[in-house]
Amino acid sequence: MNDLQKNDPRMYEAIQQEVDRQNEGLELIASENFVSRAVLQALGSPLTNKYAEGLPGKRYYGGCQHVDTAEDLARERAKELFGCEWVNVQPHSGASANAAVFLTLMKPGDTFLGLDLSHGGHLTHGSPVNFSGILYESAHYGVERDGPLAGRIDMNKVRDLARKQKPRMISIGASAYSRDFDYAAFRDIADEVGAFLWMDMAHTAGLIAAGLLNDPMPHCHIVSTTTHKTLRGPRGGMLLIGKDYENPFGKKAPASGRVKRMSELFDSAVFPGTQGGPLMHVIAAKGVSFREALQPDFVEYGKQIIANAKAMAKAFLDRGYDLVSGGTDNHLVLIDLRSKGLTGNEAEAALQTADITVNKNMVPFDETSPFVTSGMRIGTPAMTTRGFGEAEFEWVVELMDRILSDMGNGDVRRHVKEEVRALCSRFPLYDFAVA
Ligand code: DSN
């Protein structure tokens, strides 16, 4: 980063300090990860300079022959990774990908079902402050408060809600749900009420690619994702269809008059429907990360993410913490801090003093606001990338518990911070020292 340091020292310093923060702290935010140097190099490449509206071979600009190659590589690799017939790698983010889903399948005012945000859902699944809740009617299913399905979705209740609401679309997917989804059961419900089925697999895409969680592809009409969470690519989004199909709206291609495939409608919804020029440097970086995810060691990585999350869950349970749903099947645990007399806000701030980064999170049936919350979400993907195994995660829980059990104690926080620094130094991450 020599040129950056020379030309813009203030920006260089901000970046270097963030690199130091990533190197020296425990990154436990469930939606974050660390990309490889190869991914960073593609992101920092001159492909950022190129406009390429359209798709490979059908662009609105000249000079696209090389970015066409990059996008085709990314598309082919994504298709292989997820065993799907069609993919669009252009969405700038998960929210952009989801906007294209709504534009294709819904009309303003139509009703859809989604997982309640406070039960682990996502903003773009019908929150009243998001376009999905402003332009469309949303009805939400949630998790159970008690009983054998406590913290989990009761599919009978989803079916009852679908029968009552008669939605045009049902969404699946979550940002704070530690269990897997029954896609076949969701599809059965969608078929019964004549709804489209959409899975937003942003959090779990890497685990699905590795074959470690149920596969939404055979069951859903459309799948969206981000590329930067468990999938460990650059920040971005993507749309996928397991098996392409004729669109039920009867929309025709202008020149030939033939009925368009569903994939063509989704392509149009990305561009020109919701986006302009794709970010070709990000698309190249997506392609690099998909190639990495196709290697056999990515499956081992995914297995370790889950093993680490299970070890972490057990260590918290052993120390008397309440976990929503009592454990985990994936990469995260959601801790209900009410029994410890703490808010998520307090826990997040206290842990940050020792360079342990988590995020406060609503828990199901939370009585507090999203700025306070009663929960804490913790994920294993990032530190697993650094090489942590179960023993390291058990130690991390011990360190976190020392702080959370003695909230006012500055000596404990200082001591834990030293331990965090020592632990991180054993698992090096990035070295961008100026040459
Ligand atoms: N903001 C992401 C998360 O943290 O889960 C979801 O978009």
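As the structure lists them, so they are numbered: ligands from 1, and atoms in each ligand from 1. Note that this is a predicted model, so its numbers are computed, not measured.
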Thr48 side-chain N/O to His281 backbone N/O, donor-acceptor pair under 3.5 Å: no
Side chain proximity check, Asp336 to Tyr321, heavy atoms < 4.5 angstrom: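 Heavy-atom side-chain distance check fails, nothing below 4.5 Å.
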Which atom of Met376 lies closest to which atom of Ala347, heavy atoms considered: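 Looking at all heavy atoms of both residues, the shortest contact is SD-CB, 3.9 Å.
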Protein heavy atom under 4.0 Å of atom 1 (N) of ligand 1: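 There is no protein heavy atom less than 4.0 Å from atom 1 (N) of ligand 1.
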Lys/Arg N to Asp/Glu carboxylate O, [X] vs [Y], below 4.0 Å:
X: Arg75; Y: Asp72; result: yes
X: Glu18; Y: Arg21; result: yes
X: Arg413; Y: Asp406; result: no

Residue and atom name of the nearest protein heavy atom (relative to atom 7 (O) of ligand 1), distance in Å to one decimal: His122 NE2, 2.7 Å
Protein heavy atom at shortest distance from atom 5 (O) of ligand 1: His203 NE2, 2.7 Å
Residue portion contacting ligand 1 (non-hydrogen atoms closer than 4.0 Å) for His228: neither
For Ser175, atoms of ligand 1 separated by under 4.0 Å from a heavy atom: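 The atoms of ligand 1 under 4.0 Å from a heavy atom of Ser175 are 5 (O).
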Residue Ser31 vicinity, atoms of ligand 1 by number, heavy atom under 4.0 Å: 3 (C), 4 (O), 5 (O)
contact_flag Glu32 ligand 1 heavy-atom lt 4.0 Å: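 Under 4.0 Å: no for Glu32.
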